[in-house]
Amino acid sequence: MRGRWWKILGLAGVAGVAATGVVIARAERRRRAYTPEEIRLKLRERAAEEARESGGGS
């Protein structure tokens, strides 16, 4: 009986590691899907937003 629980626990651990790998791979694919121009545009938009927020409070 005790060995059975260890098997179940081990299989659950393996499933968890596999699921984590899938999530990481999807996020990496999504991140790499941007072109360099899109990344530059997003960074410029963020910088402009930060400048508006920090400059508007004075």
Side-chain angles (χ1 to χ4, degrees):
M1 187 72 164
R2 189 185 264 178
R4 178 184 238 176
W5 285 109
W6 283 111
K7 282 183 185 178
I8 292 170
L9 185 61
L11 289 174
V14 169
V17 169
T20 301
V22 168
V23 169
I24 290 171
R26 283 183 182 169
E28 184 68 15
R29 253 185 275 132
R30 202 174 299 135
R31 186 183 67 81
R32 289 180 184 234
Y34 292 116
T35 65
E37 292 79 23
E38 288 173 325
I39 294 171
R40 282 188 209 100
L41 179 62
K42 286 181 182 285
L43 288 173
R44 288 181 183 137
E45 288 173 354
R46 285 185 198 167
E49 181 66 28
E50 287 293 321
R52 280 193 298 269
E53 288 178 3
S54 64
S58 299

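Nothing here was measured: the structure is a model prediction, and the numbers come from that model.
- The one candidate from Arg30, Arg26, Arg32 that meets the side-chain contact (heavy atoms from CB on, under 4.5 Å) condition with Glu28 is Arg32.
- Connectivity analysis of hydrophobic side chains (ILVMFWY, heavy atoms under 4.5 Å, direct or indirect) links Tyr34 to Ile39, Leu43.
- Interatomic distance, Arg46 CZ to Leu41 CG, rounded to the nearest 0.5 Å: 11.0 Å.
- Cluster note: Val23 groups with no other residue, as no ILVMFWY side-chain heavy atom lies under 4.5 Å from it.
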